[in-house]
Amino acid sequence: MSMATASIHLMNNYSRWPVRLVKGQGNTVWDEAGRSYLDFTSGLGVTSLGHVPPSVAKKLHEQIDTLWHSSNLFEHPLQEQLAAKLCQVSGLDRAFFCNSGAEANEAAIKLARRYAQRVKGEERYEVITFQQSFHGRTLATLTATGQEKVKDGFAPLPDGFKSIPFNDSQALRNAISDRTCAVMLELVQGEGGVHPADPAWVKEVRQLCDEHGILLIIDEVQTGIGRTGDWFAFQQYGIKPDIISVAKALGSGFPVGGILADSHVAEGFAPGSHGTTFGGNPLAMAAGIATLETIEQEQLLVKVKALHQSLFQRLQQIQQAVPDKVKAVRGRGLLLGMEVTLPAADILAAAREQGVLLLQAGPQVVRLLPSFVTTEAEIDQVADLLLSIIRSQ
Ligand SMILES: *Cc1c(COP(=O)(O)O)cnc(C)c1O
C-alpha cells in the first residue's frame, strides 16, 4: 500500500485512509501507484451505477458542450424533466433541487416549519428525530441528527429538535406535543449502524402523524434511488411520506440533492422563501436524468433485489461459521451491515490490504454498499475475504 502523507494545506476534519485514488471504472478504483481495488463503498453510497457509468458520462459530456449554469432566475427544462421523473417514480408531486443531502434535509425542515406556520396557521416548529440517526452537518441537520459526536463543539444549537429512541412507539407518543410540526426518519439508519425500521412501527408512525396533523419526512439520502431494491425505501414500508429528501446516488457522483413533497405541503414555499445558486444546475440535472434512465433501462432495481439475496445469504453464512465474532447481519437491498465483536476498523484495514474497500457504520459494524452492477463473482470474492479476515483476527 502506498503510504500517503496528508496535505498540510487541507483542514484536518477527516480521518482519511492512506489510499490516494485517481481513477475508477465500474466496480474498480485505482490508486496513484496503479494498484486496483474492488469498491464495495460506492463512494459512500453515491456511485450506485459503478464508477464513470458510460450512459451518465455521455449525457454529461453533451451537457458540458451545451450549458453549464443559468441560475434559478430562469425556467429550467432539465429541472422540469428530472422533477417529473422523480415525481413519477415516487408518487409525490413537486421537487426542489439543491446540492447535497444536508441541504436537502435543511430544505425539508424549512418546508415543514413554513407549511405549519403559513399554510396551516399553527405555531408549530418542533421536529422529532431518532437516536443514532444521521441527517447532515449543517447546524439544523446536525441538531436533527441523533448522535452526540456530530454536535461536539457547535453549541448553541438551533431550538426545536428532539431525538427519541428508534422503533419505539411509546417514546413517540410521549414526544408529540402541540408544537410538533414533523417527524424525520431514516427507514434504514445508514451511518448509525445499518438499523432497519420495524415495518409495524413505521405504519404506526404514519398513523400518529395523521392523527396529530404532523408531517412525515423520510430521509432517503442514503436509501433512495434504488439502494434498497425499490426506488425509495418508503415503498417497501407501505406508507406515503409528506416529504422525502434525496442526494447521494441521484447524480451517480455529480453533486445533486433535492426534496420531493406532496403538492399541498409544497405550498409551504412561496417565491423568495427558499433558494440556492447552484441547486438544479444543468450539469447536475443531466447526471440525475441519465442516472434514473439507466436504472430503468437496465432494470437495476430487479438486480439490486437479486444481489441482496446473494450477499445477505453469504453474510449469514459467515455469521453461522463464526458466531462468536459476528453478532448480526442486517439491512435492505444493497445497504447491509454486519455487526462484529472485533473493531470494524481492523477488518476494513485488512480488507484494504487485500484490495477490497468496505465501510463502517460505527465502531462495530462493517457496512457494505456495493454498486448495482456488482457481479456474483465479486460478492463471492468479498464474502470469502471477510470470512478469512474475521476468522484470523
Ligand atoms: C449522507 C447522509 C446525509 C448527508 O448528506 P451530505 O450530502 O453529506 O450532506 C443525510 N442523511 C443521510 C441519511 C445520509 O446518509
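Indexing begins at 1, ligand by ligand and atom by atom, following the structure's order.
For atom 1 (C) of ligand 1, the closest heavy atom belonging to the protein is K248 NZ, 1.5 Å. The protein heavy-atom contact nearest to atom 11 (N) of ligand 1 is D219 OD2, 2.8 Å.
Proximity of atom 15 (O) of ligand 1 to the protein is indicated by at least one non-hydrogen atom lying closer than 4.0 angstrom.
Each of the following atoms of ligand 1 lies closer than 4.0 Å to a heavy atom of S100: 7 (O), 9 (O). The atoms of ligand 1 that sit less than 4.0 Å from any heavy atom of E186 are 13 (C). Against a heavy-atom cut-off of under 4.0 Å, N105 is close to the following atoms of ligand 1: 10 (C), 11 (N).
The aromatic ring centroids of F130 and W201 lie less than 6.0 Å from each other. Between H274 and F96, the distance separating the two ring centers is shorter than 6.0 angstrom.
One hydrophobic cluster holds both L292 and F97 under the rule that ILVMFWY side chains link at heavy-atom gaps under 4.5 Å.
Checked against a 3.5 angstrom limit, the closest N/O atoms of E103 and ligand 1 fall outside it. For ligand 1, the polar-atom distance check against Q222 finds a nitrogen or oxygen pair separated by under 3.5 Å. For a threshold of 3.5 Å applied to N or O pairs, the pair formed by G101 and ligand 1 contains at least one separation below that value. Between F134 and ligand 1, at least one pair of N/O atoms sits closer than 3.5 Å. At least one N/O-N/O distance between A102 and ligand 1 falls below 3.5 Å.
Side-chain polar atoms of N27 and S371 form a donor-acceptor pair below 3.5 angstrom.
Using a cut-off of 4.0 Å between Lys/Arg side-chain N and Asp/Glu carboxylate O, E267 and R118 are scored as not salt-bridged. Salt bridge status for R367 with E191: present, with a side-chain N to carboxylate O gap under 4.0 Å.
For the pair R332 and Y237, the cation-pi criterion (under 6.0 Å, within 45° of the ring axis) is fulfilled. Under the 6.0 Å distance and 45° angle rule, R35 does not count as a cation-pi partner of W30.
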